[in-house]
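What follows is a short report on a single structure.
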4 protein chains.
Amino acid sequence: MVVFEEVNMYIPTDWSVNTQINRMDKRTQIIEAAIKVFAQKGLERGKIADIAKEAGIGKGTVYEYFRSKEEIFSAIEQAVMGEMSTAFEELFVSDISPTEKLIALMEESLEMMLQMGDALLIVTEIWAQAARGFWHGHSTTALATMYDDFREKIVAILKDGIVCGEFRSMSKDGVATLLMAFMDGLAWQYMLMKDENRFEKIKQEAIRSFMKGIEK
Amino acid sequence: MVVFEEVNMYIPTDWSVNTQINRMDKRTQIIEAAIKVFAQKGLERGKIADIAKEAGIGKGTVYEYFRSKEEIFSAIEQAVMGEMSTAFEELFVSDISPTEKLIALMEESLEMMLQMGDALLIVTEIWAQAARGFWHGHSTTALATMYDDFREKIVAILKDGIVCGEFRSMSKDGVATLLMAFMDGLAWQYMLMKDENRFEKIKQEAIRSFMKGIEK
Amino acid sequence: MVVFEEVNMYIPTDWSVNTQINRMDKRTQIIEAAIKVFAQKGLERGKIADIAKEAGIGKGTVYEYFRSKEEIFSAIEQAVMGEMSTAFEELFVSDISPTEKLIALMEESLEMMLQMGDALLIVTEIWAQAARGFWHGHSTTALATMYDDFREKIVAILKDGIVCGEFRSMSKDGVATLLMAFMDGLAWQYMLMKDENRFEKIKQEAIRSFMKGIEK
Amino acid sequence: MVVFEEVNMYIPTDWSVNTQINRMDKRTQIIEAAIKVFAQKGLERGKIADIAKEAGIGKGTVYEYFRSKEEIFSAIEQAVMGEMSTAFEELFVSDISPTEKLIALMEESLEMMLQMGDALLIVTEIWAQAARGFWHGHSTTALATMYDDFREKIVAILKDGIVCGEFRSMSKDGVATLLMAFMDGLAWQYMLMKDENRFEKIKQEAIRSFMKGIEK
DNA sequence: CATGAATGAGGATTCATTCAT
DNA sequence: GATGAATGAATCCTCATTCAT
C-alpha cells in the first residue's frame, strides 16, 4: 500500500539538511503567499495576518522565517530578480545569431511577465520604493545592478550583431535601454488591458518593429 | 450719467468669485504639497500631517478641501491626467506631417515625464492601485479610458502616415501600444538612472530606432 | 404700499432695548435650533455647525451668544425647567380641591411631555449627565432643587387632601415621589410607543388607578 | 483495562473549549469595565482607552473582542436586557397569587435597578439612542420587543387577578403600562436622590399605593 | 518550532473654538 | 455684529511585532 510505503519511507538521519530544506520550503511557501496577498491588496495594505492565513500557518510563524515585513519585501524582490536572472542566463550564452537571440530574449521576457500576472504589480511597487531610495543604499543597488547587468548583456549581443553585420550602427547603450524600456512598458500595457489575444498580436508587431528599427 | 456709472463701477462684495479662486488656489497648493510628500515617502507612508506641514497649513485644513486621503489620491490622478491630456491636445491637431507629429509627440512626452520627476512615482503607484482594481470601477476606468483615447489618436496618426506613404504597412494597434510602452518604459528607466545627460542620448536613439522601425 | 411703510417704520432710538430684544430673540432662535438638532442626533453628535445651519446663521455667530457648547446644554436645561415651573406655578395656587388639583397636575404634565416629543430625549440626556455629576455642583443642584420644589408642592396638596378627608393617610414624601416617577415613567413609555391614541387611554387609566390608590 | 483507561483519561489539547471560556471571560471583563467607564463619563466621553485601562488590558485587546465601540454598546444592551429577562422569567411562572406576584415583581425590579446602580444611566442613554432611532431598526426593535413582552406578561397577571376577584375591572394595557412607568420612574428618582433609606420607604409606599389602586 | 493573544505606536478623521475680515 | 476658514487636540481603530505557552 502506498500509504504504508510513505510512512516507512527512509528518513535521513542528517536532520540538519532536512531541517534546512524544510526551512527553505516554508520560506518559499510564505513568499508565495505574500506575493499573492500583496498582488491583491498592495504592499502596505497586505497584512502579515493575511499572509499567514494564505500560507496556512500562524501569524507568529512568519516571524520565525522573516525578521520583519520589510524583509519579506526584500525576499520577494530577490526571488523575482533571481528568477529573471537565471531564466536569461542560458539564453545569453546559447549559440544562436544575435537577431535570434534578441527575439528570443524579448519573447521570453514578455512570456515571463505575462505569467507573473498580478505579481508584476508588486514588483512595480517594490521597485518604486527602491527608486524612491526607501531602502537607502541596499536595495536600490540590487535593482540597479541587475538592470546594469542585464543591459551589459544586451549591449554585448548588439555589439555582436553589429560586428556580423546584422544590426545597423547605433548607440548600443541607448538601444539596450530602449529594449528594456520596451519590455517594462509592454508589461504595463498588458496590466491595463488584460486581453491575452490582443496582447499576443501587439507583442508580435512590437517585436517586428523593434527589430526593424535596428536592422542594417 | 455719473451716478449710474458709479453704481456700475461698484464692485459688489460678491466674494464667491474671489473665494472660489482662493479655494482652488489652496486646493492646488495642497495637491502640490501632497505630490511632494507622496513622491518622497510613498502613498501610504505619506501622512496627512506631512502634507499639511509641507503646505504650511494645519492638519484640519486639509480636510476643508478634501474629504479624505483617497480623495487626494484621486485629485492627483485627475490633475496629472488632465495635464497630460491638454498637453497633447494641440499636438494632435497641429498641421505637420505624421512623421514630425510622432517625433514631436515622443519628445514632448519624454520631456514632460522628465519634468514630472518624482511625481511620476506617485502616478505609477496610483495607477498600480487602479490596475489592482483597488478603486473598483471608477479610477480604473479613468486610466484605461485615457490610455485608449491616447492610443486611438496615435492610431490615427499612423493611419495618416501609411496613407501618405511615410510609414510601412503595419498593425496600427500594435505599434501604437508599442509607442506608449516605449514612453512608459523610458520613464521608468529614467527613474532608475537619474542621469539627464545619459538619458538625453538614450532618448534620441530611442526615437530614431522607433521611427526607423515603422518607416516605409 | 406695505413695503414702503415697512421701510419707513419707526425705529426706536433706544437701541439698547432693541438690541437686547434682538439678542434674546437670537438666543432663543439658537436654543430652538439646538433642541431640534440634539433631539435628532444626540447631545454629543449634534454639531455646532448643525445648530448654526438649522438656525440659519453662521457657525461663529453661535459663539456670540454662547460661550461654549456646554453653555447651550445649560441654557436648554434652564429653558425646559423654566417652562415647566411657570406652567405649574399657577396650577399650584389655583382654588380647586386637592383631588382636582392632582388630576389637573397630572394631565397637564403629561400633555406637556407629549408636546415636548423628541425634545424629551435631550432632557433625559442632560439630566443623565446631571445625575452623573458631570456639571459638578451647578446643574445637579438645579435639577435636584427643581425636583425638590416640585415635590414639596405636591406634598402640600397631599397634606390638604388628607386634612379635608379626600385622601387616605400616607407617607406623603413617598406618594409625591411616586407621582413624579409615574409621570417621568409614562413619558418614557410614550417615547417607546409613539401611539397617541393608545397613550391617551393609558393615561386615563393610569390617572384613575393612581387616584384610587390614594383615596380615602 | 488500564491502558484503555489511560487512553480515555487523556485529555486532548483541545483548547477550543477552554479558549471559548476564556474568551467569554475576557469579554465579560471588558463589558464590566465598559459599564463602569460609561456610567462615569457617559457613552461618548468614555474612551476606549479608559475601558482598556479599567479592564487592565491594552487598548488593542479591546478590539480583539469587539469590532467597534458601537458593538460594546450593543453588548451592554444585550447583557442588561438578558439579565432582566431571565430574572423575571421564573417569577412569571411561579405558583403564587396574582397580588403576590405583582408585589414580588415590583420589589424584585426595584431591587434589581437599585443594584444596577450607575449602570442604569448607561442603559438609559443607550435606550435614548434607540428611541432616537439611532440604530435604525435593529436595536429599537429589541427594546420595544422586550417592553412589549414584559407588558404582555403583566397583562396576563392582571387578567388572572381580575378573574379570581383580587383586582378590580380595568384597562389592563393601561395598568400594565402604569406599572412599568412606575418602575422606570422610580429608578430615575433613585438616580437623583441616591438615598437608599429614603428610597426604601418610598418603595414601600409606592407598592402599597399601586396595589390599592387596582384592588377590588 | 508553532502559535495567536496581547500590545501600543501610529495615523486618519472630527469638531469645538478662534479670529481676521 | 456676523461670518466661516483655519486650527489642532482628541479619539477611534489598525496592524506589525512580541512572547508565553
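Look at NZ on K41(D): it is 12 Å from C1' on dT11(F), rounded to the nearest Å. In this structure, I48(B) places its CD1 atom 20 Å from P of dC12(F), rounding to the nearest Å. Taking atom CD on E44(D) and atom P on dT13(E), their separation rounds to 20 Å, with Å as the unit. The CD-P distance, from E71(A) to dA16(F), rounds to 15 Å in whole Å. To the nearest angstrom, P of dA6(F) lies 13 Å from CZ of R27(B). Residue R45(D) contributes atom CZ, which lies 14 Å from atom P of dC15(E) at whole-angstrom precision. For K26(B) and dT7(F), the NZ to C1' distance is 11 Å, given to the nearest whole Å. If you take CD of Q29(D) and P of dA5(E), they are 15 Å apart, rounded to a whole angstrom.
Residues meeting the side chain to side chain contact (heavy atoms under 4.5 Å, CB included) test with Y65(D), sequence neighbours left out: R23(D), K26(D), R27(D), I30(D), T61(D). Under the side chain to side chain contact (heavy atoms under 4.5 Å, CB included) criterion, V80(C) pairs with I76(C), M84(C), M116(C), V123(C), sequence neighbours left out. Evaluation of the side chain to side chain contact (heavy atoms under 4.5 Å, CB included) rule for K36(D) yields E54(D) as partners, not counting sequence neighbours. Remark: E64(B) engages no residue in a salt bridge (Lys or Arg N to Asp or Glu O under 4.0 Å) (not counting sequence neighbours). Residues satisfying the side chain to side chain contact (heavy atoms under 4.5 Å, CB included) criterion with A79(C), sequence neighbours excluded, are absent altogether. In this structure, E32(D) has no salt bridge (Lys or Arg N to Asp or Glu O under 4.0 Å) partners at least two apart in sequence or on a different chain.
A donor-acceptor pair under 3.5 Å links the side-chain atoms of K69(D) to the main chain of E44(D), judged by distance alone.
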Under 3.5 Å for both distances, Watson-Crick or G-U wobble, that's the pair rule; now give the dot-bracket for DNA chain E, with | marking pairs to another strand and [ ] for crossing ones.
.||||||||||||||||||||
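Looking at the side chain of S68(A), the nearest of the listed nucleotides dT17(E), dT13(E), dT17(F) is dT17(F).
You'll find the side chain of I31(B) stays beyond 4.5 Å of the side chain of I72(B), heavy atoms only.
Taking every heavy atom of residues 53-64 of chain C and every atom of DNA chain F, pairs under 4.0 Å involve I57(C), G58(C), K59(C), G60(C), T61(C), E64(C), by number.
Note on residues 31-54 of chain D: pairs passing ring pair (Phe, Tyr, Trp, His ring centres under 6.0 Å), not counting sequence neighbours, are F38(D)-F73(D).
Taking for each of K47(B) and Y65(D) the nucleotide of DNA chain E with the nearest heavy atom, the 5'-most of the two is the partner of Y65(D).
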